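Single-structure report; data block below.
Everything numeric here is computed off the predicted structure, so don't read it as measured data. Count residues from 1 along the sequence.
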Amino acid sequence: MTGGALTYSPDQAEAHDRIAEALRGVGVDIDAGTLLPPDEAQRAVLAVLGKAGSGKTLLLAALTRALEEAGVETISGDWEGRRRRERRTLAILAPTNKAASVLRTRGVPATTIHRILYTPVYHPEYEKIAEWLAGQGGKPAIEGLTDTALDRALAFYQAQKSIPGALAAAGLRGSDFITGWKRREEPLDIGLVDEASMLDAQQFEDLQEIFPTLILFGDPAQLPPVKSTGGMVFESLPAPARLTLSRIHRQEAGNPILDLAHALADPAVDFYHFERMIEEAAQRDARVRWAERVEVDLMARSPVLVWRNATRIRLINAFRAVHDAPEAALLPGEPLICDGIELPLKHRKKRLDLEARGLIKGAQVVYLGPGRRAGFSRLHIIGAEDPRLSAASIVKIEKPDEEEPFIPYAANMGAVFLHGAAVTIHKAQGSQWPDVQVFAPDIYAAARMGRSEAGQPLWKRLAYVAITRAEERLHWVVRNRLSKPTAPLGIGDLPDRAAPLELAREEGA
């Protein structure tokens, strides 16, 4: 069995065949390339489970291609055309912007769960352009848009398959063509969900309402969702519905980071032996680094991963101190983490707009500078398809040994942010960075406590999640020291493919 140019391992091939069989049961034959009209009475929920490197993403990508080749229509959350009774639909979902962007870099058209729960409402005039781009109508005549502008939109859409991106290429702002957001009223068809270990019970319930056929991809070795009482949602599925990938795919063989992650499964490996393995790996492979201090330059875009909140707060304050950040303001380039949106019910439309554009709880954000109105901030949302916006902000800088955080400035209500130079390992789930710094003294503290979680020592789960966040290089930090920055904080490294939007729309509520 092959997936594109890659050869499936035996367990991947078996999982593919089981999923193909389940899809045939709901009227989608990916082997023969035939479709039957959807039948809402037909339902299927499966989970593909495996540790890092077992090939979950490869299988997800291959299934996505097979479904598209069979004629299943991919829904991105950007725009949906006229509903046709006979059409079959697919959405590839991730819990966070960062997780979705990781999939997109691998050619999988993923979006966030929130963007599927809530759909954009387009201005009727500009929806004609969307219909034309999607092949559902003729080329429209739009006042103020030349044929050249429309041709630019078409060229962009053919390359990127993004309606908002295409409209932006024609010279339109989001405020021109999106007038609001509404909760999805009609179900879709097939949902492929990555990072399913992060789903909570409510999200799983919402997804089952939308997708009669749901395939979850998750890592059972990760940490369950924060405040979860029932573990990971796929654990409640019957055994036949759980498909396990146990083999490490050949493309990942010899990766020292994954070798270390899988060594944690050995009951004989204690914390002392694990650190010796890291030290030895660092001596023979540059992808693992035994670090005597935290590199402050990396913290601006790749947070230090810690277990304890006290450690997180100390590192954040040290980061701000070495950059000479003023106590009463933020510097452009400082990293933030969205901790939710505090808006009253009468501003529900504004809340949906912010969340649909990527400002959801847990979103990683870079502060660009103050907005035009007091309390507003210009922000860059890491991993969002349209990353730049301005929003009313409440920024909290937590202080060591102080119960109440310091708030350098704030609107009366709006998006709430914590500093993002360091984050807990729990909050890092679903994200990956080229370089990841893991604060080893915190892992050691967990090991000394002797706590277990789901039959596994807690320190091993923490270490597994933390080191598998590293895409290219793991920094195992063994001392409570911080380097000095080699350059001031800035925003020049951020992609500028989406120029800052006009602030009038964002600051109008």
Side-chain angles (χ1 to χ4, degrees), residues 48-57 95-96 98-99 102 194-199 217-226 228 231-232 234-235 244-249 252-253 255-282 285 287-290 302-308 311 423-433 435-478:
V48 178
L49 309 178
K51 293 185 177 180
S54 59
K56 297 187 300 296
T57 301
T96 65
K98 193 69 167 64
V102 168
D194 196 30
E195 296 290 353
S197 57
M198 296 177 65
L199 295 179
F217 293 78
D219 186 340
Q222 292 199 28
L223 296 158
V226 179
S228 170
M232 299 176 188
F234 47 69
E235 293 172 351
T244 301
L245 304 180
S246 55
R247 181 183 184 275
I248 302 305
H249 203 265
E252 305 293 351
N255 185 325
I257 299 171
L258 292 181
D259 290 344
L260 289 168
H262 288 272
L264 290 163
D266 185 349
V269 172
D270 60 14
F271 183 82
Y272 172 80
H273 289 103
F274 184 65
E275 282 215 314
R276 300 290 71 75
M277 293 172 70
I278 293 175
E279 200 168 12
E280 291 167 5
D285 199 306
R287 288 174 287 183
V288 178
R289 182 167 175 262
W290 183 268
S302 176
V304 181
L305 304 188
V306 304
W307 174 47
R308 297 176 292 191
T311 306
V423 302
T424 62
I425 294 168
H426 262 102
K427 283 197 172 182
Q429 289 193 126
S431 295
Q432 285 187 304
W433 298 270
D435 284 75
V436 164
Q437 301 185 87
V438 180
F439 194 72
D442 263 21
I443 309 293
Y444 176 63
R448 290 193 63 183
M449 290 182 65
R451 282 174 50 185
S452 293
E453 195 165 284
Q456 179 85 340
L458 175 61
W459 79 266
K460 287 192 171 185
R461 283 190 177 266
L462 291 168
Y464 176 87
V465 172
I467 66 179
T468 54
R469 301 309 94 202
E471 293 177 320
E472 299 172 8
R473 189 175 297 103
L474 167 67
H475 304 251
W476 187 260
V477 181
V478 296

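When every heavy atom of L260 is checked against every heavy atom of A281, the shortest pair comes out as CD1-CB, 4.5 Å. In terms of heavy atoms, V436 sits closest to A466 at CG1-O, 3.8 Å. Residues L223 and H426 share a closest heavy-atom pair of CB-NE2, 3.7 Å. Between M198 and T96 the shortest heavy-atom distance is CE-CG2, 3.8 Å. Between G50 and P220, the shortest heavy-atom distance links the atoms N-CD, 3.8 Å. Of all non-hydrogen atoms in W307 and A445, the two that sit nearest each other are CZ3-C, 4.1 Å.
Proximity of P457 to F271: side-chain heavy atoms (C-beta onward) are nowhere separated by under 4.5 Å. When side chains are defined from C-beta on, R469 counts as touching L305, because their heavy atoms get closer than 4.5 Å. Between W476 and I467, the closest side-chain pair of non-hydrogen atoms falls below 4.5 Å. Within the 4.5 Å cutoff, side-chain heavy atoms of I257 are placed close to those of V288. At least one side-chain heavy atom of E275 sits less than 4.5 Å from a side-chain heavy atom of W290.
When atom types are taken as modelled, the side chain of Q432 and the backbone of K98 share no donor-acceptor pair closer than 3.5 angstrom. Side-chain N or O atoms of H262 include one that pairs as donor or acceptor with a backbone N or O of A52 at under 3.5 Å. For the pair K51 (side chain) and L258 (backbone), a donor-acceptor distance under 3.5 Å is absent. Remark: side-chain polar atoms of R461 are paired, donor with acceptor, to backbone N or O of Q222 under 3.5 angstrom.
Once rounded to the nearest 0.5 Å, the distance linking CG of N255 with CD of E472 reads 10.5 Å. Residue I425 holds its CD1 atom at 3.5 Å from CD1 of I443, rounded to the nearest 0.5 Å. The structure places CZ of R473 at 11.0 Å from OG of S302, a figure rounded to the nearest 0.5 Å. Put simply, CG on L264 and CH2 on W459 are 5.5 Å apart, with the number rounded to the nearest 0.5 Å. Atom CE of M277 and atom CG of D266 lie 8.0 Å apart (nearest 0.5 Å). The structure places CG of L474 at 10.0 Å from CD of Q437, a figure rounded to the nearest 0.5 Å.
Within 6.0 Å of the OH atom in Y444, the count of heavy atoms belonging to other residues, nucleotides or ligands does not exceed 12.
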